[in-house]
Participant: 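Here you go, one structure.
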Amino acid sequence: MTHKLSKTDRIMKTIRHIPMGKVASYGQIADLAGLPGRARLVGKVLREADAELSLPWHRVLRSSGLLAFAKGTKQAIAQSELLQKEGVLISHCRVKLDHFGWRPSIETLMMLGF
DNA sequence: GTCTTGACGTAAC
DNA sequence: GGTTACGCCAAGA
């Protein structure tokens, strides 16, 4: 079988599984995608991905809940707006992972191939 | 096949 | 919690 999904494909699939109102870090996405430590790959995928893919990029942040982009950038603002619209509270470009951090359930983990 | 880049992570200070 | 430095590895040229 030569139809193994590319690493990038797995990442995109994982991102689509992020529930609304929750946020996940790049490292977590990579880990769930079966690529522990490959957080940079996640970023690369999102950058190359189009908006038509329905990838909730705004639900992906850096570690510790910091926004994925530097403050002042157009996307950083858009991200905070989108997150707050989903019910995620942001304080100083930071998201409280204690309350909004994505906690994948067992079924979700199995669905991702765990 | 080699070099460069990259929506990052973690450690150290 | 901010900043600096280094590491990791896939994809593109």
Side-chain angles (χ1 to χ4, degrees):
Chain A
M1 295 307 217
T2 59
H3 288 103
K4 274 181 79 172
L5 287 173
S6 299
K7 327 274 184 183
T8 54
D9 287 331
R10 292 201 57 136
I11 291 171
M12 288 196 294
K13 209 159 196 170
T14 304
I15 294 173
R16 284 201 190 110
H17 284 293
I18 302 178
M20 169 185 172
K22 298 283 182 172
V23 294
S25 64
Y26 289 95
Q28 189 170 3
I29 299 296
D31 188 45
L32 292 172
L35 306 165
R38 250 88 293 169
R40 308 192 82 182
L41 264 287
V42 179
K44 189 170 258 210
V45 172
L46 286 169
R47 201 209 200 242
E48 306 261 309
D50 277 342
E52 303 181 52
L53 296 175
S54 303
L55 291 178
W57 61 272
H58 56 270
R59 291 179 196 152
V60 187
L61 348 157
R62 287 197 173 217
S63 58
S64 300
L66 193 72
L67 283 184
F69 302 92
K71 191 177 188 223
T73 58
K74 186 171 165 186
Q75 301 215 319
I77 299 173
Q79 182 170 35
S80 57
E81 291 279 303
L82 286 166
L83 287 175
Q84 288 182 79
K85 206 154 66 165
E86 292 188 355
V88 180
L89 299 179
I90 301 177
S91 50
H92 277 299
C93 305
R94 208 148 310 191
V95 178
K96 289 186 177 182
L97 292 177
D98 337 324
H99 290 281
F100 301 107
W102 180 31
R103 305 180 7 157
S105 61
I106 301 298
E107 297 188 359
T108 305
L109 292 174
M110 297 203 306
M111 186 162 45
L112 291 170
F114 254 81

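First the proteins, then the strands, lettered A, B, ... as listed; each starts at 1. Only heavy atoms go into these numbers, but all of them, side chains included; no hydrogens, no water, no symmetry mates.
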Participant: Which residue pairs pass the salt bridge (Lys or Arg N to Asp or Glu O under 4.0 Å) test with at least one member in residues 66-77 of chain A, sequence neighbours excluded?
Facilitator: none
Participant: Checking A:Ala78 now: which residues fulfil side chain to side chain contact (heavy atoms under 4.5 Å, CB included) with it, not counting sequence neighbours?
Facilitator: A:Trp57
Participant: Check A:Gln79 against A:Leu67 and note the closest heavy-atom contact, atom names and distance.
Facilitator: OE1-CD2, 3.5 Å
Participant: For a quick test of your reading: what N or O donor-acceptor pairs under 3.5 Å do the side chains of residues 84-94 of chain A make, sequence neighbours left out?
Facilitator:
{"unit_1": "A:Gln84", "atom_1": "NE2", "unit_2": "A:Ser80", "atom_2": "O", "d": "3.3"}
{"unit_1": "A:Glu86", "atom_1": "OE1", "unit_2": "A:Gly21", "atom_2": "N", "d": "3.2"}
{"unit_1": "A:Glu86", "atom_1": "OE1", "unit_2": "A:Arg59", "atom_2": "NE", "d": "3.0"}
{"unit_1": "A:Glu86", "atom_1": "OE2", "unit_2": "A:His58", "atom_2": "NE2", "d": "3.1"}
{"unit_1": "A:Glu86", "atom_1": "OE2", "unit_2": "A:Arg59", "atom_2": "NE", "d": "3.3"}
{"unit_1": "A:Glu86", "atom_1": "OE2", "unit_2": "A:Arg59", "atom_2": "NH2", "d": "2.8"}

Participant: Does anything in residues 105-114 of chain A pair up under side chain to side chain donor-acceptor pair (under 3.5 Å), and if so which pairs, sequence neighbours excluded?
Facilitator: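 Matches after skipping sequence neighbours: A:Ser105-A:Thr108.
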Participant: Contact boundaries of DNA chain B with chain A (under 4.0 Å, heavy atoms), 5' to 3'?
Facilitator: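 With heavy atoms of chain A under 4.0 Å away, the range is B:dT5 to B:dT10.
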Participant: For A:Ser54, what residues pass the side-chain hydrogen bond (donor to acceptor under 3.5 Å, both in side chains) criterion, not counting sequence neighbours?
Facilitator: none
Participant: What pairs meet the side chain to side chain donor-acceptor pair (under 3.5 Å) rule with one or both residues in residues 13-37 of chain A, with sequence neighbours excluded?
Facilitator: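 Listed once each, the pairs would be none.
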Participant: Quick check on contacts: within residues 54-91 of chain A, what sits under 4.0 Å from DNA chain C by heavy-atom distance?
Facilitator: none
Participant: Could you note down all residue pairs passing side chain to side chain donor-acceptor pair (under 3.5 Å) where residues 35-46 of chain A supplies at least one of them, sequence neighbours left out?
Facilitator: none
Participant: Other members of the hydrophobic cluster containing A:Ile77, with the 4.5 Å side-chain heavy-atom rule, please.
Facilitator: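 Members besides A:Ile77: none; it forms no cluster.
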Participant: Encode nucleotides 6-13 of chain C as B, S and - characters from 5' to 3', where the letter depends on protein heavy atoms closer than 4.0 Å: B to the base, S only to sugar-phosphate, - to neither.
Facilitator: -BBSBB--
Participant: Please report the shortest heavy-atom distance between A:Leu32 and A:Phe114, naming the atom on each side.
Facilitator: O-CE1, 3.8 Å
